[in-house]
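The structure under discussion appears below in the form of structure tokens.
In what follows, every chain begins at residue 1, and chains take the letters A, B, ... in the order their sequences are listed. Reckoned from all heavy atoms, side chains included, excluding hydrogens, waters and symmetry mates.
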Number of protein chains: 2
Amino acid sequence: MKTRDRILVTSLELFNTEGEATTTTLDIANVMDISPGNLYYHFKGKEQIITELFEQYETALGGTLTAPLEQPLSESRGQVEDNWYYLYVVLEEMFQYRFLYYNLDNILQRYEGVRKGFQRLLQLKRAALYAICQTLLEQSVISAREQQLVGLVDNMTLTLTFWFNYEKLLHDRDQQQVTIHQGVLQLLTMIAPYLGDEQLAFYRDCESIYKRMLDDETGREHC
Amino acid sequence: MKTRDRILVTSLELFNTEGEATTTTLDIANVMDISPGNLYYHFKGKEQIITELFEQYETALGGTLTAPLEQPLSESRGQVEDNWYYLYVVLEEMFQYRFLYYNLDNILQRYEGVRKGFQRLLQLKRAALYAICQTLLEQSVISAREQQLVGLVDNMTLTLTFWFNYEKLLHDRDQQQVTIHQGVLQLLTMIAPYLGDEQLAFYRDCESIYKRMLDDETGREHC
DNA sequence: GTCTATACTGTGATAGAC
DNA sequence: GTCTATCACAGTATAGAC
């Protein structure tokens, strides 16, 4: 692995675990056992590292978020499960770059380009969540007015965006699987009350999948 | 006004508008036209300023949040409006110290005491929102299971906590009234789908109050 | 209480040898 | 490409005069 790439990987790791603000270029170099000068040979500075990390993030998440807009998820059975997987993937990609969310205001303040990109991603999130909600609501009998739907999507977008912050604040933990599955559960159950008759079945589906997912995880760890 | 108090006021102002991370003790002293040495005579440093500002905040918001736990809001007519006012006050107090929310992770990482206090406040928020939801739901016919209620309150707590972050990210704006009223609307409409028959009336109430509030604001400005 | 002057620290960044 | 050495600077903090 080239030093340049190792710098990116190490920076990402440190930013996520120690916080972007408290991680200095010296810390990164020390952890990698290279000299600060070497780091500065590959990158102009912290700014460039963050910018490149964000570009990686934008490419990855951007792709995932545009997928459901073109091809809606299957409308037959197992739809809840499909959506579960999808949201899991989205949150997983976000989790890999969670330092952005932990220090959002500061980063967006310093890097104009990142701010624009982040706002684009936010709109994509909205669009993806809108598509999901609409597909789910179309099948049900409920009359969710357009205005209500927009409110719901807004709400889900906010939850999706600040879920990691909330979890960290509430539980001090940094466990990927549990945090993400809980996020998915939280997001999907937000839709439930709009589903009318199918509401209870939907809740049941969500909770059984949630249980199974967490069992799978712990089961896997035991191997 | 004593210099010591002026330091607190000026710091708060700068933290809120320029960001806590980018505001230095030197900035504060410069804006106030006093010397850095003078500032350090009154406060050991930035840490102490932030700690004291947080104490102010905790006292103020803590009081507001415990109020509805002891005395539930009137159960007769105008309940939506009462809740509106209440949430407005809560958000207003939060807004005054919004720098905490913009830089949350960083601040809680640096100041252990603030973290504990902030988590206490979060639990108070949950409790207050829980009380509000319960009073509202009690009167309606809907059968919101306890589990659903907890999910809803969780959701509202998250929205309440990160509303300013969301608004800033989405609109780049920093306007108190509009931001707060929209936050209240967002919070209250989250309850609506659980209200069964009264759902539509509730929506209508919310929106009419929202419109009136904003009209009042702009009207007042014209004077 | 308030000032000026100064010292200390950590971080960002570069030059030049290997 | 990588290193050592060093600089520049901002932010924090203190000493001592007024």
Are the side chain of A:K46 and the backbone of A:E20 linked by a donor-acceptor contact shorter than 3.5 Å?
-> yes
Between A:Y101 and A:F118, does the ring centre distance come in under 6.0 Å?
-> yes
Assign the ring pair B:Y88 / B:H181 to parallel, tilted or perpendicular, where the plane angle (0 to 90°) is split at 30° and 60°.
-> tilted
Identify all stems in which DNA chain C takes part, counting only runs of at least 3 consecutive pairs (Watson-Crick or G-U wobble, each distance under 3.5 Å), and give each as one range with another, ordered by first number.
-> C:1-18 with D:1-18
Just checking, A:R98 and A:F95: is the charged tip under 6.0 Å from the six-membered ring centre and within 45° of the axis?
-> yes
Extract, from 5' to 3' on DNA chain D, the first and final nucleotides lying under 4.0 angstrom from some heavy atom of chain B.
-> D:dG11 to D:dT14
A:L14 CG to C:dT11 P, straight-line distance once rounded to whole Å | 13 Å
Out of A:F99, A:Y97, A:Y57, which one pairs with A:F15 under the ring pair (Phe, Tyr, Trp, His ring centres under 6.0 Å) rule?
-> A:F99
Can A:E18 and B:Q109 be said to form a side-chain hydrogen bond (donor to acceptor under 3.5 Å, both in side chains), step by step?
-> CA-CA 9 Å; A:E18 311 291 330; B:Q109 193 181 342; 5.6 Å; no
How many angstroms lie between atom CD of B:E92 and atom CG of B:L61, to the nearest 0.5 angstrom?
-> 12.0 Å
Before giving the answer on side-chain hydrogen bond (donor to acceptor under 3.5 Å, both in side chains), spell out for B:T159 and B:Q186 the whole-Å C-alpha distance, their side-chain angles and the decisive distance to 0.1 Å.
-> CA-CA 8 Å; B:T159 300; B:Q186 183 76 21; 5.8 Å; no
Among residues 28-53 of chain B, which contact DNA chain C at a heavy-atom distance under 4.0 Å?
-> B:D33, B:I34, B:S35, B:G37, B:N38, B:Y41, B:H42
Separation of B:T157 OG1 from B:L124 CG (nearest 0.5 Å) | 11.0 Å
Name of the residue among A:N16, A:L8, A:V9 meeting side-chain contact (heavy atoms from CB on, under 4.5 Å) with A:L12 | A:N16
